[in-house]
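What you see is a predicted model; the values in this text were computed from it and never measured. Residue numbers count from 1 along this sequence. When reading the values below, keep in mind they use all heavy atoms of this one structure, side chains included, and skip hydrogens, waters and symmetry mates. Order of listing sets the numbers, starting from 1, for every ligand and every atom in it.
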Amino acid sequence: MVIDLRSDTVTKPTSAMKEAMFNVEVGDDVFGEDETVKKLEAKCATWLGMEAAVFCPSGTMTNQIGIKILTQPYDEVICYKGSHIYKYEGGGLAGNSNIGTKLLSGNRGRISIEEIAPVIGNINDVHQARTSVVALENTVVIEAGSYYTFDNIKKISEFSRSKGIAMHLDGARLFNALTETEEASTEVGKYFDTVSICLSKGLGAPVGSVLACKKELELKARRIRKVFGGGMRQAGYLAAAGIYALDNHIVRLKEDHKRAKELGNTLNQLSWVKSVMPVDTNIVIFEVADGVTPEMCLVKFSESDIKALAFSAVEIRLVTHLDFDDAMLDKAITTFKKIHF
Ligand SMILES: *Cc1c(COP(=O)(O)O)cnc(C)c1O
């Protein structure tokens, strides 16, 4: 039994999900003829309280399209300095949208009006770049899955829009956030112009992300998706997995959070662990003790068939997911407790 805690992207489709993928109606989605893709898009738009949605191969693509359709070259986007759109998308903001970034420190990745206000470009000053988007990430992946509440989001959104600035949400793990806050997904659309969600993370679909947006942005989003090479043909088989994931795998996210918390509690008590970031959702990030390296730990883990990710020179990341059950949790905890350096 291999226990893979490197990411929540490592899950494989369940038999029920595969069953759901077999017998769906498909067609050429570039011609707009795939009924299952249309069904997934309509479902996501409704669930997110937005008017339209576009199915894409990856969350990087949905983020990059979202930002591109809200900006012009030379503009700037304001975001957390460790945000996925900036740090983990290969410089795509510069390459795809020809824009700059104003990077904020945030409170475990959550940015605030106090940080945003002073860095907005003065539109009347020709020296300054135009600030066109504030981008939030929820949950924040490199901050161990910290999350925003609607109260915070609403304030940022109202403030930004009052300055003529659009709002993008990288909601790769939005449903993990909503699991904790118990807020309604249908409210999300009020606060954003574009919202990206991943079906292939905690929700357990094999492939796919969705960009939800306003109706007036839909054609633009579809055009950019084509330009980026994201127009897919009989993609309904993948969309069916996404529909199944939304219907069946959101309710179980709280189990992932519970298991992540248990891992965090265990690690907090161990001699080879210096500190554990607060475990808010399904991501555990911890720093190893002095004299220990992440690589040394990973070698010990692998002796018990446990995989984790070296996250920095001193940190390790563990992510819980659909393919990590209570038996695996017990084994991981027992293994971690036995390790000594
Ligand atoms: C995984 C992830 C994405 C998208 O990644 P893809 O691998 O391109 O699907 C975007 N944002 C965050 C915060 C993520 O964790």
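Every N/O-N/O distance between S200 and ligand 1 stays at or above 3.5 Å. For ligand 1, the polar-atom distance check finds an N/O of G59 within less than 3.5 Å of one of the ligand's N/O atoms. Between E137 and ligand 1, no N or O atom pair is found at a separation short of 3.5 Å. The shortest N or O to N or O distance between D170 and ligand 1 is below 3.5 Å. Checked against a 3.5 angstrom limit, the closest N/O atoms of K201 and ligand 1 fall inside it.
The side chain of V141, and not its backbone, has at least one atom closer than 4.0 Å to an atom of ligand 1 (non-hydrogen atoms only; side chain from C-beta on).
Not a single heavy atom of M61 sits less than 4.0 Å from an atom of ligand 1.
Classification of E303 and K300 as a salt-bridged pair fails, no side-chain N sitting under 4.0 Å from a carboxylate O. Salt bridge status for D323 with K12: absent, with no side-chain N to carboxylate O gap under 4.0 Å.
Counting only distance, with no hydrogens or angles, the side chain of R108 and the backbone of E143 share a donor-acceptor pair below 3.5 Å. In this structure, N248 contributes its side chain and Y244 its backbone to a donor-acceptor pair below 3.5 Å.
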For this session: Step by step, work out the side-chain hydrogen bond (donor to acceptor under 3.5 Å, both in side chains) result for N96 and Q64.
Result: CA-CA 7 Å; N96 294 322; Q64 292 295 320; 3.1 Å; yes

For this session: Show your reasoning for whether side-chain hydrogen bond (donor to acceptor under 3.5 Å, both in side chains) applies to D8 and N282.
Result: CA-CA 9 Å; D8 46 8; N282 70 328; 3.0 Å; yes

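Which parts of ligand 1 touch S58 is read off a 4.0 Å heavy-atom cut-off, strictly below it: atoms 8 (O), 9 (O). Every atom of ligand 1 with a heavy atom of N63 under 4.0 Å away is listed here by number and element: 10 (C), 11 (N).
Among all non-hydrogen protein atoms, the one lying nearest atom 7 (O) of ligand 1 is T60 OG1, 4.5 Å. The protein heavy atom nearest to atom 15 (O) of ligand 1 is R173 NH1, 2.8 Å.
The two residues Y148 and N138 have their closest heavy-atom pair at N-OD1, 3.0 Å.
The only option from R233, R225, K39 that meets the salt bridge (Lys or Arg N to Asp or Glu O under 4.0 Å) definition with D29 turns out to be R225.
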